[in-house]
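Just so we're on the same page: letters track the sequence lines, and every chain starts at 1.
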Amino acid sequence: MRWSEAFIPTLRDDPADAEAISHKLLVRGGYIRQLMSGVYSMLPLGQRVRTKVMKVIVEEIDAIGGQEFLLPQLHPAAIWEKTGRIESMADIIMSFEDNKGGTVVLGPTHEEIFATVGTELTSYKQLPQLWYHIQTKFRDEARPKSGLLRVREFTMKDSYTFDVDFNGLDIQFDRHFEAYKRIFDRLGMDVVAVHASSGAMGGTASIEFMVRSDVGEDEVAACTACDYAANVETARSTLAPIVDPEDDVAIERFDTPDVRTIADLESFEGGAAATQQIKTLVYVLDGELALILLRGDHALQEQKLQDATGSIEMRPAQPDEIRGLLGADAGSLGAVKVENVTIHADSELRGRRSMTTGANENDVHVRGVDVERDIAVDEWIDLRTVEAGEECPECGGLLEIFPAIEVGHIFKLGTFYADKLGLSVLDENGKAIPIVMGSYGIGIERNMAASVEANHDDAGIVWPRDIAPYDVVITVVRPDDERSTEVSTMLYESLIADGVEVLLDDRKERPGVKFADAELIGIPLRVTIGPRGLDNGVVELVERKSGDKREIAIEDAASNVMEFLGAT
RNA sequence: CGGGACGUGGCGCAGCUUGGUAGCGCGCAUCGUUCGGGACGAUGAGGUCGCCGGUUCAAAUCCGGCCGUCCCGACCA
């Protein structure tokens with residue numbers, strides 16, 4: 001492509017509405033333009049990168065036996081009703097009424113639809129299967145942000161596996177795990193695989209692939225000593241045991257005027273350290289009030305609560321609901337002797353005694369609480385959010401917590417969809433068995449952006465070879481110089497003949513503008529051709545990533561470019 | 001959904017407090033001089049000031065409503 005004929009609208013200034021680096025650079029580099037909140041147009045450069053990201057993914061998924069499909073974006077609402085996800089995903093599902101009055105869902109993902117095709121599977125002999133497609137998804141995110149990182153319309157590669165049993169699923173899951181690692185490596189990103197919550201996917205296990213980044217929306221807890229890593233939504237840690245006094249103390253009420261918080265009670269005369277307090281929260285789980293108990297200094301991890309209870313709708317209770325249930329306001333709540341409501345307690349409270357908590361009467365607390373003796377706990381579960389600096393549950397090392405971008409997510413779905421949509425095959429004995437499914441997603445545009453977040457410098461983007469929009473840019477310093485034009489045209493045509501994707505910067509611009517643009521858009525290799533070098537019979541090769549420059553004899557230019565592209 | 005900010009040529013912004021019919025930088029066009037790191041000079045094109053309504057002799061500016069965009073939070077496979 002000749003730059004003089006290309007549409008590459010680069011910008012000198014950062015766009016006013018961009019915050020994330022990838023957002024700024026992709027807009028400034030002429031890759032994307034916003035149409036509305038969370039919806040972007042791919043310009044030619046952007047589309048070239050997008051295509052290459054998809055190519056990398058297709059290669060790696062095909063390599064583990066994937067078969068490419070293309071399923072529709074328009075779905076009948078009825079299918080989504082069958083799995084109940086029209087409810088559980090209601091806040092992000094986009095839908096409309098067609099001319100016949102039927103509700104049409106714009107697909108936010110494709111488990112239901114692949115499963116529907118999968119109903120044609122009838123025999124165990126047909127399994128396993130690995131199906132995938134690359135298709136547009138629509139999700140009405142409450143708050144799109146950071147350019148391509150969080151949008152409402154995007155492309156996703158999603159694959160689905162079908163197996164006769166969980167053993168088969170494990171194999172396909174592991175293959176995806178390895179394929180995904182290869183994909184992210186080729187996209188130029190260091191990923192950490194973390195255990196995650198399966199959320200609304202209805203699955204049994206899932207792994208997220210995370211790239212450390214300040215603009216990431218997820219938080220990862222990772223051990224600095226071993227390879228334990230988990231989304232904070234599921235992360236565990238080991239705490240130093242607390243030894244409570246052995247003697248049996250009785251419960252004792254005491255007045256605590258104006259004490260409303262854990263901190264208040266800590267500093268209150270006759271109060272208690274946060275570690276000696278019980279924090280009592282009231283939640284509404286699928287319409288039912290429930291008490292949540294944690295140690296005073298611990299924070300509730302809502303995702304853990306949701307996962308452990310299997311509830312779909314979850315929210316903190318309103319003040320009037322709390323008063324109706326316990327007869328006091330938040331700040332004076334406790335679970336001692338409370339009945340007729342489910343009590344979920346964090347495991348760290350188990351066996352604790354001499355604890356202090358609210359008395360369910362404003363301005364009154366009780367001390368001397370023996371958790372197991374005095375509270376009718378229904379369920380002991382892990383509910384707390386881990387903190388940086390705590391001990392790794394695997395090796396005892398230190399945990400750190402950092403923000404990260406979720407670039408991929410793989411799920412063991414199990415038989416959820418088989419049960420809901422009737423997927424089964426006959427086994428060797430002629431007996432119907434449910435098909436065990438897995439699903440595996442990678443967001444294309446998010447990965448483009450995440451790659452930029454991971455691969456840039458002050459001058460602009462530094463694309464990894466596999467997804468750069470062009471392999472090499474030939475910068476013609478003086479397009480009005482006859483020799484320069486001659487040599488650059490020759491090299492341009494020779495490289496094209498060899499299958500190299502080359503951008504020839506033949507614009508009538510000053511050299512500084514051309515250099516700056518080449519660096520902004522991030523082409524891995526630049527060949528600079530100008531009278532100064534040609535006088536000495538050389539052209540200059542500049543590697544974008546390192547900035548390393550080499551002078552090469554004119555006649556060796558093409559072979560050196562080929563070598564660079566083949567080698568590094 | 002709660003809180004905050006913003007909306008003025010293609011891009012980035014000023015003007016609004018103290019109403020008088022729009023300006024700067026970049027970019028763009030033409031010409032000339034330049035030319036290995038974002039040149040200079042000259043001339044020029046380009047704007048329903050987000051939309052609707054109100055106040056006023058007069059509204060980018062004041063008032064009301066709406067829409068849109070961004071940021072923080074909530075939410076989020």
Interatomic distance at C1', B:G12 relative to B:C70, whole Å: 15 Å
For B:C11, give the paired nucleotide (Watson-Crick: N1-N3 plus N6-O4 or O6-N4; G-U: N1-O2 and O6-N3; both under 3.5 Å), or none. B:G25
In Watson-Crick or G-U wobble terms, with both distances under 3.5 Å, the base opposite B:U17 is none
Applying a 4.0 Å non-hydrogen cut-off, can you work out what A:S146 is touching in the nucleic acid: base, sugar-phosphate, or nothing? sugar-phosphate
Is there a side-chain hydrogen bond (donor to acceptor under 3.5 Å, both in side chains) between A:R28 and A:T10 once you walk through the steps? CA-CA 5 Å; A:R28 281 188 55 210; A:T10 58; over 6 Å; no
B:C72 OP1/OP2 closer than 4.0 Å to side-chain N/O of A:K145: yes
Which pairs would a plain distance check flag for residues 506-514 of chain A, meaning a side-chain donor or acceptor within less than 3.5 Å of a matching protein atom at least two apart in sequence or in another chain?
unit_1	atom_1	unit_2	atom_2	d
A:D506	OD1	A:S4	N	2.9
A:D506	OD1	A:S4	OG	3.0
A:D506	OD2	A:R2	NH1	3.3
A:D506	OD2	A:S4	OG	2.8
A:R507	NH1	A:D505	OD1	3.3
A:R507	NH1	A:D505	OD2	2.9
A:R507	NH2	A:D517	OD2	2.6
A:K514	NZ	A:V476	O	2.7
A:K514	NZ	A:D505	O	3.1
A:K514	NZ	A:R507	O	2.6

Residue matched to B:G73 through Watson-Crick or wobble contacts both under 3.5 angstrom: B:C1
Could you give the CZ-to-P distance, from A:R33 to B:G10, as a whole number of Å? 13 Å
Atom pair distance, as rounded to whole Å: CG in A:D13 and C1' in B:G9: 15 Å
Just call it for A:A16: base, sugar-phosphate, or nothing, with non-hydrogen atoms closer than 4.0 Å on any strand. sugar-phosphate
Check: A:N447 side chain, A:V407 main-chain N or O, donor-acceptor pair, under 3.5 Å: yes
Sort out the partner of B:C6 for me: Watson-Crick or G-U wobble, both distances under 3.5 Å, none otherwise. B:G68
If you look at every strand shown and take non-hydrogen atoms under 4.0 Å, does A:M314 touch a base, only sugar-phosphate, or nothing? nothing
Gap in Å between the two C1' atoms, one belonging to B:C71 and one to B:G36, rounded: 42 Å
Separation of atom CZ in A:R483 from atom C1' in B:G36, rounded to whole Å: 14 Å
Calculate the interatomic distance between A:R143 atom CZ and B:C76 atom C1'; express it in whole Å. 12 Å
Using the side-chain heavy atoms of A:D517, tell me which of these nucleotides is nearest: B:G37, B:G38, B:U69. B:G38
B:U48 and B:A60: how far apart are their P atoms, nearest whole angstrom? 13 Å
Honestly, is A:K412 close enough over A:F173, meaning NZ or CZ under 6.0 Å from the six-membered ring centre and within 45° of the axis? yes
Just to be sure I understand the rule, does A:E233 reach a base, reach only the sugar-phosphate, or reach nothing, if contact means heavy atoms closer than 4.0 Å? nothing
Considering only side-chain heavy atoms of A:E302, which listed nucleotide, B:C70, B:G36, B:C75, is closest? B:C75
Side chain of A:K549 only, please: which of B:G37, B:C75, B:C35 is the nearest? B:G37
Between B:C71 (P) and A:L149 (CG): distance, integer Å: 11 Å
Can you tell me whether the side chain of A:E540 and the base of B:G36 have a donor-acceptor pair closer than 3.5 Å? yes
Which pair of heavy atoms, one from A:A388 and one from A:I401, lies closest together, and at what distance? N-CD1, 3.4 Å
base_contact_polar (B:G37 base, A:E519 side chain, donor-acceptor, <3.5 Å): yes
Base, sugar-phosphate, or nothing for A:G533, non-hydrogen atoms under 4.0 angstrom? base
A:D506 CG to B:C35 P: how many Å, rounded? 21 Å
Taking B:G27 as the reference, what is the distance to B:C72 when you measure between their C1' atoms (whole Å, please)? 34 Å
Determine the interatomic distance between C1' on B:G53 and the same-named atom on B:G15; round to the nearest Å. 24 Å
Could you please spell out the steps behind the salt bridge (Lys or Arg N to Asp or Glu O under 4.0 Å) verdict for A:D382 and A:R236? CA-CA 8 Å; A:D382 174 29; A:R236 294 170 293 118; 5.9 Å; no
Atom pair distance, as rounded to whole Å: CD in A:E217 and C1' in B:A74: 13 Å
Strand partner of B:C35, provided both Watson-Crick or wobble distances fall under 3.5 Å: none
Below the 4.0 Å mark, does B:C70 have OP1 or OP2 next to a side-chain nitrogen or oxygen of A:S37? yes
Tell me which nucleotide among B:C70, B:G38, B:G37 gets nearest to the side chain of A:R28. B:G38
Minimum-distance nucleotide (side-chain atoms of A:R510 versus B:C28, B:U34, B:C76): B:U34
Taking atom C1' in both B:U61 and B:U8, what distance in whole Å separates the two? 11 Å
Find the partner of B:C62: check Watson-Crick (N1-N3 plus N6-O4 or O6-N4) and G-U wobble (N1-O2, O6-N3) distances, both under 3.5 Å, and reply none if neither fits. B:G54
Please state the P separation for the pair B:G25 and B:U43 - nearest whole angstrom. 13 Å
Any chance the rings of A:Y440 and A:F411 have centres within less than 6.0 Å? no
Watson-Crick or G-U wobble partner of B:U48, both distances under 3.5 Å: none
Counting only side-chain heavy atoms from C-beta out, which of B:U69, B:C76, B:A74 sits nearest to A:M36? B:U69
Winner on side-chain proximity to A:E19, out of B:C76, B:U69, B:C71, is B:C71
Which is true for A:T528 with a 4.0 Å heavy-atom rule: it touches a base, it touches only sugar-phosphate, or it touches nothing? base
A:T385 side chain vs A:A299 backbone, donor-acceptor pair below 3.5 Å: yes
Answer yes or no: side-chain N or O of A:R526 and base N or O of B:G37 forming a donor-acceptor pair under 3.5 Å. yes
Could you go through A:W131 and A:F69, starting from their C-alpha distance and side-chain angles, then the distance that decides it, and tell me whether this counts as ring pair (Phe, Tyr, Trp, His ring centres under 6.0 Å)? CA-CA 7 Å; A:W131 298 352; A:F69 286 58; 4.8 Å; yes
By nearest atom, which of the nucleotides B:C75, B:C35, B:U69 is closest to the A:A142 side chain? B:C75
Nearest to the side chain of A:D480, heavy atoms from C-beta on, is which of B:G12, B:G37, B:C35? B:C35
Expressed in angstrom and rounded to an integer, what is the separation of A:R315 atom CZ from B:C1 atom P? 18 Å
For B:C63 and B:C6, measure between their P atoms and round to the nearest Å. 13 Å
With a 4.0 Å limit, can you tell me whether A:Q303 has a side-chain N or O closer than that to the phosphate oxygens OP1/OP2 of B:C76? no
For A:Y40 and for A:R150, find the nucleotide of RNA chain B with the closest heavy atom, then tell me which residue's nucleotide is more 5'. A:Y40
